[in-house]
J.: 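The structure follows.
By convention in this document, chain letters (A, B, ...) are assigned in the order of the sequence lines, proteins followed by strands, and residues within each chain are numbered from 1. Worth saying up front: this structure is predicted, and the values here are computed from it rather than measured.
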2 protein chains.
Amino acid sequence: MSEYEGAFDRMLKLAVVLNEDMNHGLTQLGLTQSRAHVLWELHHKGPTTQRVLADVIRVSARNITGLVDALVATGFVTRQPHPTDRRAVLVTLTEHGTKTADAMDREHQELARVLFSGMPAVQFDCFVEGLDKVLVELQDRVVASIP
Amino acid sequence: MSEYEGAFDRMLKLAVVLNEDMNHGLTQLGLTQSRAHVLWELHHKGPTTQRVLADVIRVSARNITGLVDALVATGFVTRQPHPTDRRAVLVTLTEHGTKTADAMDREHQELARVLFSGMPAVQFDCFVEGLDKVLVELQDRVVASIP
DNA sequence: TATTGTTATACTCTATAACTATA
DNA sequence: TATAGTTATAGAGTATAACAATA
């Protein structure tokens with residue numbers, strides 16, 4: 001049974017290293033993970049209310065207020081009036097915010113390339129297939145254990 | 001080039017799900033990730049000074065003071081006098097702390113089993129080999145980019 | 001003089017609850 | 001009455017810097 005543990009530990013280690021690498025990249029860009037998450041959503045959704053951001057990122061409205069405050073202060077986004085609902089604001093990327101999101105996108109692709117280039121096709125396919133199995137297994141397990 | 005991206009995104013998603021699952025388990029045990037990390041080191045090293053804990057976990061001495069305060073308050077560890085150095089304290093697992101660390105160990109093994117059982121041997125081997133390659137690649141990349 | 005740990009201070013992410021303005 | 005966002009308050013993790021006691 002314990003033959004699995006080595007692979008599992010490698011997986012955890014990979015997650016840690018990946019996370020450190022990502023944080024390092026974000027720091028270079030003047031971002032934290034949470035703020036980058038907001039930027040990412042805005043990049044994909046376009047101008048968005050804070051309510052929607054809170055829902056998709058799954059944090060409190062209060063927290064979004066703070067994150068948007070920080071992103072405004074550092075020049076990544078602005079708050080624009082909502083055209084039809086005067087209670088709401090539309091959080092909108094500045095030019096700097098857009099450029100930064102593009103840079104994140106490029107780094108994301110670059111990292112994927114660096115990671116998997118040099119892996120032979122057969123092995124790559126096995127790896128991907130294994131990943132899929134693991135994800136399905138784990139999601140089942142999580143769903144079963146969390147409610 | 002972009003055939004890699006799907007696999008990479010799966011990997012990131014797996015890391016996220018894994019992290020959520022782990023946090024859920026830790027909450028059940030009355031721990032946070034940072035406190036669990038301290039517990040884990042104590043479990044493997046035995047009674048340890050705060051200075052050493054700060055070094056292995058790579059956080060400030062101030063932070064260790066806070067984490068140990070919290071673990072003392074919640075009954076996982078005690079501070080014992082160091083036998084030869086009166087400046088230092090030995091952070092020591094209580095019985096509850098030891099039992100909790102054992103439980104973490106069991107859950108760790110159980111999760112590995114659940115994840116990989118049902119994966120055919122050939123596929124498992126490919127997966128593990130792929131993981132190794134990826135880890136080596138990524139560590140090279142991180143080492144190259146971080147200094 | 002160097003080291004261990006604490007106190008002081010500050011920043012980030014997170015939450016709940018009370019409140020304002022608007023729907 | 002319900003919703004969008006803010007203010008108030010609190011707790012966790014993180015850091016640096018100044019300081020105490022001890023080596």
J.: Below 4.0 angstrom, N of the basic side chain to O of the carboxylate: do A:D69 and A:R79 qualify?
T.: yes
J.: Can you name the nearest heavy-atom pair linking B:V114 to B:S117, along with the distance?
T.: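 The pair with the smallest heavy-atom distance is O-OG, 3.8 Å.
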J.: Need one value for B:L67: base, sugar-phosphate or nothing, where a base atom within 4.0 Å counts as base even if backbone is also close, heavy atoms only.
T.: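 If one applies the 4.0 Å heavy-atom cut-off, B:L67 turns out to touch the sugar-phosphate alone, with no base involved.
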J.: Going by an N to O cut-off under 4.0 Å, is there a salt bridge joining B:E129 and B:K133?
T.: no
J.: Please report the distance, rounded to the nearest Å, between CG in A:L31 and C1' in C:dC13.
T.: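 Between C1' of C:dC13 and CG of A:L31: 15 Å.
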J.: In terms of hydrophobic clustering (I, L, V, M, F, W, Y; side-chain heavy atoms under 4.5 Å; direct or indirect links), are A:V52 and A:W40 co-clustered?
T.: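 Yes, A:V52 connects to A:W40 through the hydrophobic network.
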J.: Quick one: do B:D55 and B:R51 make a salt bridge, cutoff under 4.0 Å?
T.: yes
J.: Between A:L90 (CG) and D:dA4 (C1'), how many Å, whole number?
T.: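 After rounding, the reported distance stands at 12 Å.
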J.: Salt bridge or not between A:E110 and A:R106? Use side-chain N to carboxylate O under 4.0 Å.
T.: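 Salt bridge flag = no for A:R106 with A:E110.
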J.: Measure the distance from CG on A:N23 to P on C:dT12 and round it to the nearest whole Å.
T.: 15 Å
J.: Do A:I57 and B:V17 land in one hydrophobic cluster if side-chain heavy atoms of ILVMFWY residues count as linked below 4.5 Å?
T.: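 Unlinked, A:I57 and B:V17 end up in two clusters.
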J.: Among C:dT4, D:dT6, C:dT14, which nucleotide sits nearest the side chain of B:A88?
T.: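 For the B:A88 side chain, the nearest candidate turns out to be C:dT4.
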J.: Measure all distances between protein nitrogen or oxygen atoms and nitrogen or oxygen atoms of nucleotides 7-9 of chain D, and list the pairs falling under 3.5 Å.
T.:
{"residue": "D:dA8", "atom": "N6", "partner": "A:R62", "partner atom": "NE", "Å": "3.3"}

J.: Any link between A:F116 and B:V128 through a network of hydrophobic side chains (Ile, Leu, Val, Met, Phe, Trp, Tyr) touching at under 4.5 Å?
T.: yes
J.: Whole Å only: how far is the CD1 atom of B:I64 from the C1' atom of C:dT7?
T.: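 One finds 17 Å between C1' of C:dT7 and CD1 of B:I64, rounded.
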J.: In the single-linkage hydrophobic clustering (I, L, V, M, F, W, Y; side-chain heavy atoms under 4.5 Å), do A:L14 and B:Y4 co-cluster?
T.: yes
J.: Return the minimal non-hydrogen interatomic distance between A:L67 and A:S34, and the atom names on each side.
T.: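 What the structure gives for the nearest pair is CD2-CB, 3.8 Å.
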J.: Could you check which residues of residues 49-60 of chain B get a heavy atom under 4.0 Å from DNA chain C? Sort them by number, please.
T.: B:T49, B:Q50, B:R51
J.: Could you tell me how far apart B:H82 (NE2) and C:dG5 (P) are, to the nearest whole angstrom?
T.: 8 Å
J.: At less than 4.0 Å, is any side-chain N or O atom of B:N63 found next to OP1 or OP2 of D:dA15? Yes or no.
T.: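 Affirmative; the distance criterion is met.
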J.: For nucleotides 20-23 of chain D, tabulate all protein N/O to nucleotide N/O atom pairs closer than 3.5 Å, reporting atom names and distance.
T.:
{"residue": "D:dA23", "atom": "OP1", "partner": "B:R86", "partner atom": "N", "Å": "2.7"}

J.: For A:V38, which of A:V56, A:L71, A:L31 qualifies under side chain to side chain contact (heavy atoms under 4.5 Å, CB included)?
T.: A:L71
J.: For C:dT14, take OP1 and OP2 only and decide whether either is under 4.0 Å from a side-chain N or O of A:S34.
T.: yes
J.: Could you give the CZ-to-C1' distance, from A:R79 to D:dA4, as a whole number of Å?
T.: 12 Å
